[in-house]
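This structure is a prediction, so every number in the text was calculated from the model and none was measured.
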Amino acid sequence: MSRVLIVGAGLTGSICAFLLRKELPNKVNIVVWDKSRGAGGRMSTSRSPNNPSCTVDLGAQYISATKYYAHIHSSFYEELLAQDILKPLVAPVEGMMSKEEGIVNYVTPHGVSSIVKHYLKESAGAEVLYDRHVTHIHRKDAGWEVCRKGGASQQFDVVVLTMPVPQILQLQGDVGSLMGENQRKKLEAVSYSSRYALGLFYKADARIDVPWAAKYVSNNPCIRFIAIDDKKRNLALKNCGPSVVVHTSVPFGIQHLEEENNVVQPIILEELKKVMPELPESDSIKCQKWRYSQVTRSVADCPGQMTLLSQPLLVCGGDGFTHSNFDGCIESALKVFEVLKSSL
């Protein structure tokens with residue numbers, strides 16, 4: 001049995017674990033490490049500290065399936081729809097631009113992180129551990145020694161890296177020396193947008209009367225997108241107030257990127273008052289900085305993954321190797337799995 005470490009419990013990492021469990025059940029022991037306190041990565045759902053039933057999606061807001069991807073990834077879409085993890089977006093979104101004809105938009109009734117949690121659950125037997133921040137990877141004998149912040153190192157036969165590309169480049173140990181010059185240049189050329197997200201939670205008696213469930217904002221320097229999250233997901237919740245998510249514009253995110261959340265949060269709230277002056281006082285607020293929000297330039301000429309070493313296997317994947325959406329992560333996970341399958 002090969003011991004496989006997947007670094008990153010986001011969408012790409014969770015689908016890799018799912019594919020390994022499904023296709024190679026008797027060949028692998030799967031371990032997933034993530035530096036956060038829970039699953040999801042940028043498909044993050046946050047809960048109100050005062051009412052766990054009140055949730056808000058701070059990362060991805062909805063999933064857009066083109067005709068092409070709805071066809072080639074049909075098994076993924078069909079399974080998630082059958083399990084009620086995905087449902088068609090029926091609520092009104094003001095200012096939504098459709099890039100091509102035939103796109104179908106989906107929402108997640110239980111929060112966008114429910115997709116990632118589904119795939120981790122389906123990789124039954126995988127050891128999923130949080131607060132595991134990988135710092136060093138050393139080649140040792142016929143495998144890898146992986147070191148993490150504040151904990152003992154562990155040995156693995158195979159390592160899969162699915163975190164944002166800049167975090168791969170920051171790893172210490174043997175990773176840097178294993179990269180060819182051309183590989184390093186390609187990784188260094190990857191770029192991401194940055195933004196802040198604000199989640200506002202309300203008490204059960206709060207009312208937010210607007211004609212839309214979500215809205216793209218074009219005339220504010222700070223705010224780009226607002227969603228009444230329960231309305232966007234078409235939920236009618238009892239004993240639970242509404243929740244609102246606010247995404248800032250990318251220029252605002254870049255301008256304030258190195259500032260602390262407690263400095264940026266009041267600025268966003270002040271701008272929100274201008275856009276929605278009737279918004280009631282929230283019960284609690286969560287501020288999230290997305291340093292690596294969406295991929296704006298992915299790895300060039302890349303088949304969805306980059307193999308840094310074949311024996312022992314060290315392979316990288318994620319939306320930085322494809323494109324920054326649901327289908328990009330599926331595409332990368334499938335390509336990573338092809339490499340794993342041929343190696344194990």
Is any side-chain heavy atom of [X] closer than 4.5 Å to a side-chain heavy atom of [Y]?
| X | Y | answer |
| --- | --- | --- |
| W144 | R139 | yes |
| L340 | L19 | no |
| L308 | M306 | yes |
| R297 | V190 | no |

Exercise. When Ile, Leu, Val, Met, Phe, Trp and Tyr are grouped by side-chain heavy atoms lying under 4.5 Å apart, directly or through other members, which residues fall in the same group as V246?
Worked result: Y196, L198, L200, Y202, I208, V210, W212, V217, I223, I226, I228, V244, F252, V264, I267, I268, L269, L272, V275, M276, L279, I285
Exercise. Other than M97, which residues form its hydrophobic cluster under the rule that side-chain heavy atoms must be closer than 4.5 Å?
Worked result: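 Other cluster members: none.
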Under 3.5 Å, is there a donor-acceptor pair between the side chain of [X] and the main chain of [Y]?
| X | Y | value |
| --- | --- | --- |
| Q305 | T307 | yes |
| T45 | S113 | yes |
| S48 | N50 | yes |
| D57 | G111 | no |

Exercise. Which of parallel (below 30°), tilted (30 to 60°) and perpendicular (above 60°) describes F18 and Y119?
Worked result: tilted
For this session: If the plane angle is over 60° it's perpendicular, under 30° parallel, otherwise tilted; pick one for Y62 and F225.
Result: tilted
For this session: Answer yes or no: are there more than 12 heavy-atom neighbours, outside K289 itself, under 6.0 Å from its atom NZ?
Result: yes
In terms of hydrophobic clusters joined by side-chain contacts under 4.5 Å, are [X] and [Y] together?
| X | Y | result |
| --- | --- | --- |
| V7 | F156 | yes |
| W290 | L257 | no |
| W33 | V160 | no |
| L20 | V31 | no |

Let me check something: any side-chain donor-acceptor pairs from residues 314-326 under 3.5 Å, sequence neighbours excluded? List them with distances.
| unit_1 | atom_1 | unit_2 | atom_2 | d |
| --- | --- | --- | --- | --- |
| D319 | OD1 | R42 | NH2 | 3.0 |
| D319 | OD2 | R42 | NH1 | 3.1 |
| D319 | OD2 | R42 | NH2 | 3.4 |
| D319 | OD2 | S324 | OG | 3.0 |
| T322 | OG1 | G328 | O | 2.8 |
| H323 | ND1 | N325 | OD1 | 3.0 |
| H323 | NE2 | Y69 | OH | 2.9 |
| S324 | OG | V295 | N | 3.1 |
| N325 | OD1 | D327 | N | 3.3 |
| N325 | OD1 | G328 | N | 2.8 |

Seminar exercise, completed: Tested for side-chain contact (heavy atoms from CB on, under 4.5 Å) against V32, the lone hit among L5, V128, L129 is V128
Exercise. Should E271 and K274 count as an ion pair when the cut-off is N to O under 4.0 Å?
Worked result: yes
Exercise. Is it true that K185 and E181 have a side-chain N and a carboxylate O under 4.0 angstrom from each other?
Worked result: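 So K185 pairs with E181 through a salt bridge.
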